[in-house]
J.: 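Have a look at this one before I ask anything.
Quick note: numbers below take in every heavy atom, side chains included, and nothing from hydrogens, waters or symmetry partners.
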Amino acid sequence: MLADVRKLTGKILPLATLFQAPTIATLAELLRNEGWSPSWSSLVPIKLQGANTPIFLVHGAEGNVLLYRQLSQYLDGDHPIYGLQSSGLDGKGTLDRTIEQMASRYVKEITALYPQGPYIVGGYCMGGTVALEMAQQLTAMGQRVSLVI
């Protein structure tokens, strides 16, 4: 579908756009909005509602966070949920070469959004290793990590 959108509009959209516009109607509305441009940030809001500690979920080896859409429906409803997608998915950004670099990039993004912990981090596949490194970096910064998933 996103390949067809690219052919018709010339816009390259990240898969994470589907969190923002999960239906054809909402996607069409976004594309018609002259001021809208897709975000290629690593931080992808999946569910913004919730008053408890946000959950940050790192992508697997494929780099995108769409797999967390269904999972988010089963997690405690009072936690905001964010995905962390790989940089470079747009074909323009730079790719991190190590787990430590990836974790450092993601730690900067989540602490810019939530400067104080506690933090809940998790990941699938390779993302679990990145999440563990993020927890270690956050702890070294004096931040509290309440859970690594």
J.: Do Ile110 and Leu84 make a side-chain contact, defined as non-hydrogen atoms from C-beta onward lying under 4.5 Å apart?
T.: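 Answer yes - side chains close enough.
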J.: Please answer whether the main-chain N or O of Ser86 pairs with a side-chain N or O of Ser42 as donor and acceptor at a distance below 3.5 Å.
T.: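 The answer is no, because no donor-acceptor pair under 3.5 Å joins these two groups.
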J.: Any heavy-atom pair between the side chains of Tyr106 and Val58 that's under 4.5 Å?
T.: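 A side-chain contact exists here, since the closest heavy-atom pair is under 4.5 Å.
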J.: Compare every heavy atom of Gln85 with every heavy atom of His59, then report the nearest pair and how far apart it is.
T.: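 Looking at all heavy atoms of both residues, the closest pair is CD2-C, 3.6 Å.
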J.: With sequence neighbours left out, which residue pairs that include part of residues 44-57 fulfil the side chain to side chain donor-acceptor pair (under 3.5 Å) condition?
T.: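 Sorted result for residues 44-57: Asn52-Asp78.
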J.: Return the set of residues passing side-chain contact (heavy atoms from CB on, under 4.5 Å) with Pro80 (not counting sequence neighbours), or none when no residue passes.
T.: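 In terms of side-chain contact (heavy atoms from CB on, under 4.5 Å), with neighbours along the sequence ignored, Pro80 is linked to Pro54, Tyr82, Tyr114.
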J.: For residues Ala131 and Gly123, report the shortest heavy-atom separation together with the two atoms involved.
T.: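 Looking at all heavy atoms of both residues, the shortest contact is CB-N, 4.0 Å.
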J.: What's the separation between atom NZ in Lys108 and atom CE in Met134, rounded to the nearest 0.5 Å?
T.: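 Going from the NZ atom of Lys108 to the CE atom of Met134 covers 12.5 Å.
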J.: Search all heavy atoms of Gly83 against all heavy atoms of Ile46 and return the closest pair with its distance.
T.: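 Looks like N-CD1, 3.5 Å.
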J.: List the atom pairs, donor and acceptor, that lie under 3.5 Å between side-chain atoms in residues 138-149 and the rest of the protein, sequence neighbours left out.
T.:
| residue | atom | partner | partner atom | Å |
| --- | --- | --- | --- | --- |
| Thr139 | OG1 | Ala135 | O | 2.8 |
| Gln143 | OE1 | Gly117 | N | 3.0 |
| Gln143 | NE2 | Pro115 | O | 3.1 |
| Ser146 | OG | Tyr119 | O | 3.4 |

J.: Evaluate side-chain contact (heavy atoms from CB on, under 4.5 Å) for Leu57 paired with Leu71, printing each intermediate quantity in order.
T.: CA-CA 10 Å; Leu57 300 170; Leu71 176 65; 4.2 Å; yes
J.: Tell me the closest heavy-atom pair linking Ala103 and Glu133, and the distance in Å.
T.: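 Minimum heavy-atom separation between Ala103 and Glu133: CB-CG, 3.4 Å.
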J.: Does a side-chain heavy-atom distance below 4.5 Å link Met126 with Ile99?
T.: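 In contact.
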J.: Linking I/L/V/M/F/W/Y whenever any side-chain heavy atoms sit under 4.5 Å apart, do Leu132 and Tyr124 land together?
T.: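 Leu132 does not cluster with Tyr124.
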J.: What's the separation between atom CD in Gln136 and atom CD in Glu100, rounded to the nearest 0.5 Å?
T.: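 Here the rounded value is 9.0 Å.
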J.: Where the side chain of Glu109 meets the backbone of Leu43, is there a donor-acceptor pair that is under 3.5 Å apart?
T.: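 Checking the backbone N and O of Leu43 against the side chain of Glu109, a donor-acceptor pair under 3.5 Å is found.
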